[in-house]
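Some notes on the structure that comes next.
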There are 2 protein chains.
Amino acid sequence: MTEADRKTWQAVQDEVRRYISARIWKPGELIPHEAELALQFGCARATVNRALRGLAEAGLLERRRKAGTRVALNPVRRAAFSIPIIREEIESTGQRYGYKVFLREMRVPPPDVQARLQLSGADKILHLQTLYTADNRPYVFETRWINSIAVPDVLNADFDMLSPNEWLVREVAFDGGDFTVSGVAATREEAAVLACKPGEGLLVLERTTRQGDNMITAVRLLFHPGYRMHTRC
Amino acid sequence: MTEADRKTWQAVQDEVRRYISARIWKPGELIPHEAELALQFGCARATVNRALRGLAEAGLLERRRKAGTRVALNPVRRAAFSIPIIREEIESTGQRYGYKVFLREMRVPPPDVQARLQLSGADKILHLQTLYTADNRPYVFETRWINSIAVPDVLNADFDMLSPNEWLVREVAFDGGDFTVSGVAATREEAAVLACKPGEGLLVLERTTRQGDNMITAVRLLFHPGYRMHTRC
DNA sequence: CAGATTATTATGTACGCACATAAACACAAA
DNA sequence: TTTGTGTTTATGTGCGTACATAATAATCTG
């Protein structure tokens with residue numbers, strides 16, 4: 001090695017983590033400023049900056065110009081769940097992925113969907129209901145509305161080879177949206193589709209996707225009983 | 001202004017976003033390398049690097065040394081849900097925060113909790129059940145196990161002023177853990193506590209917290225009916 | 001021609017410097 | 001006392017250079 005102990009920004013980050021973890025720098029407390037830490041660690045200020053910026057993004061530190069950097073009072077607050085891509089999720093567990101489009105129609109969506117898609121009046125748009133399966137057992141039931149006014153091509157798509165989601169990912173560039181997670185009890189119809197008992201508790205993921213100013217699609221994913229969304233941090 | 005059009009890394013990032021969004025650079029495609037982009041945008045390579053690194057972290061680009069940078073095939077939709085801090089969440093909506101410790105006992109936890117806390121044999125640890133309220137209406141029911149072997153001080157804590165969570169945040173430095181989200185139907189007992197009907201669908205957030213190699217606490221938060229965890233991206 | 005070796009190349013990171021910017025602070029004027 | 005107005009200071013960012021590193025491409029070798 002050219003230099004035995006050249007400080008990388010990761011090394012600085014680890015060191016700072018230790019200081020926080022060991023409560024040498026206590027929650028809410030101001031820590032030394034970048035220039036001083038650079039001197040202490042024997043590296044450039046840019047390196048310290050990189051390290052601290054990362055920790056701030058992770059929510060461990062709070063930084064404000066002139067005010068300085070302090071240890072966050074309530075550390076672990078945000079956890080990044082990676083939104084599952086159904087196909088990958090199923091295939092990664094070695095199960096066989098499949099899906100079946102139950103329903104495909106043009107219809108005026110219910111008011112909540114109208115609002116989410118920013119539709120006016122009585123526009124009919126594409127409505128799809130799809131069941132995704134893992135080894136032929138129900139995995140997740142998808143109810144999807146596609147703004148076919150913004151994406152007219154979708155009307156010509158057949159979803160034999162590509163699921164609605166995969167078709168959209170391929171054909172449309174998304175640049176944002178929102179997610180909502182909640183819990184519901186299965187209705188009789190939902191229970192029938194998911195092959196479970198009515199009233200079972202299920203996880204619901206709702207998701208709206210946008211391209212520029214156009215709202216493209218609104219989805220509701222109803223997962224099979226026992227499904228858990230998991231993440232470390 | 002000193003210089004009208006000095007390129008910031010954010011400007012570069014926006015530009016690249018537009019290229020991707022407009023499908024000038026298509027999914028899976030290789031984009032020009034940093035040096036070339038720097039030349040194009042009229043800025044330093046470090047600036048381009050910063051911009052592209054950010055987009056890669058966001059899942060929009062995939063970068064590998066020597067291989068270059070390409071537009072991600074399936075923009076990895078990872079959503080950073082901010083784990084709710086109950087008190088803040090309630091008070092931010094203008095409601096009155098309150099809580100009541102229902103149960104406090106030493107007990108051998110069930111096997112799943114034993115596993116999550118890496119406890120051996122028949123260790124008795126602290127078990128708490130707390131109901132958090134918003135304007136006196138049930139908000140979330142917390143079932144918490146605290147590894148009182150690793151945190152003996154907790155046995156002397158009274159939870160009159162500080163909720164168990166707040167006590168822990170103040171007294172113990174966490175540095176990691178994991179989260180699980182799922183949906184369940186309310187049992188009769190849970191329905192009684194949350195003042196809802198048995199069988200209603202509820203969101204459950206489970207969370208384990210670690211300090212170094214010690215597992216500190218395992219919590220199960222059972223939210224009131226209609227609760228939604230929400231995020232934009 | 002397969003397999004090992006070496007060159008090439010794009011990203012990753014460090015440094016030192018300069019200046020921009022936000023915010024806390026001190027001080028002066030109304 | 002309040003309201004401006006400057007000053008100070010810590011972070012934020014940009015630049016150019018240098019070198020590290022990983023992975024591909026090219027070349028040599030048995």
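In what follows, chains carry the letters A, B, and so on, assigned in the order in which the sequence lines appear, proteins first and then strands, with residues in each chain numbered from 1.
Contacts between residues 41-54 of chain A and DNA chain C, defined by a heavy-atom separation under 4.0 Å, are made by A:Cys43, A:Ala44, A:Arg45, A:Thr47, A:Arg50.
The CD-P distance, from A:Glu62 to D:dA10, rounds to 19 Å in whole Å. Residue A:Arg70 contributes atom CZ, which lies 14 Å from atom C1' of D:dT11 at whole-angstrom precision. Look at CD on B:Gln13: it is 11 Å from P on D:dG14, rounded to the nearest Å. Rounded to a whole Å, the CG atom of A:Leu39 is 13 Å from the P atom of C:dC15. A:Leu55 places its CG atom 13 Å from the P atom of D:dT11, with the value rounded to the nearest Å.
The side chain to side chain donor-acceptor pair (under 3.5 Å) test applied to B:Glu57 returns no partner, not counting sequence neighbours. Partners of A:Ser182 according to the side chain to side chain donor-acceptor pair (under 3.5 Å) rule, which considers only residues two or more places apart in sequence or in another chain, do not exist here. Not counting sequence neighbours, B:Asn156 has no partner by the side-chain contact (heavy atoms from CB on, under 4.5 Å) test. Annotation: salt bridge (Lys or Arg N to Asp or Glu O under 4.0 Å) contacts of B:Arg232 (sequence neighbours excluded): A:Asp178. In this structure, the salt bridge (Lys or Arg N to Asp or Glu O under 4.0 Å) partners of B:Glu15, at least two apart in sequence or on a different chain, are B:Arg18.
Contacts of A:Gln10 with the nucleic acid, taken as non-hydrogen atoms under 4.0 Å apart, involve only primed sugar atoms and P, OP1 or OP2.
Direction of the helix axis in the helix from C:dC1-D:dG30 to C:dA30-D:dT1 shifts by 10° between the two five-pair termini, rounded to 10°.
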Under 3.5 Å, sequence neighbours excluded: what are the donor-acceptor pairs made by side chains of residues 26-35 of chain A?
unit_1, atom_1, unit_2, atom_2, d
A:Glu34, OE1, A:Arg45, NH1, 2.5
A:Glu34, OE2, A:Asn49, ND2, 2.9
A:Glu34, OE2, A:Arg63, NH1, 3.3
A:Glu34, OE2, A:Arg63, NH2, 2.7

In a table with atom names and distances, give each donor-acceptor pair under 3.5 Å that connects a side chain of residues 219-229 of chain B to protein atoms at least two apart or in another chain.
unit_1, atom_1, unit_2, atom_2, d
B:Arg220, NH1, B:Glu190, OE2, 3.3
B:Tyr227, OH, B:Glu89, OE1, 3.1
B:Tyr227, OH, B:Glu89, OE2, 3.1
B:Arg228, NH2, A:Glu206, OE1, 2.8

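Sequence neighbours left out, not one pair with a member in residues 145-155 of chain A passes side-chain hydrogen bond (donor to acceptor under 3.5 Å, both in side chains). Sequence neighbours left out, the pairs with a member in residues 154-172 of chain B that pass salt bridge (Lys or Arg N to Asp or Glu O under 4.0 Å) are B:Arg87-B:Glu166.
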Sequence-aligned protein contact record of nucleotides 3-10 of chain C, with B where the base is within under 4.0 Å of a protein heavy atom and S where only the sugar-phosphate is: -----BBB
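The distance from atom CZ of A:Arg64 to atom NZ of A:Lys66, rounded to the nearest 0.5 Å, is 11.5 Å.
A donor-acceptor pair under 3.5 Å is absent between the side-chain atoms of B:Ser21 and the main chain of B:Arg17, judged by distance alone.
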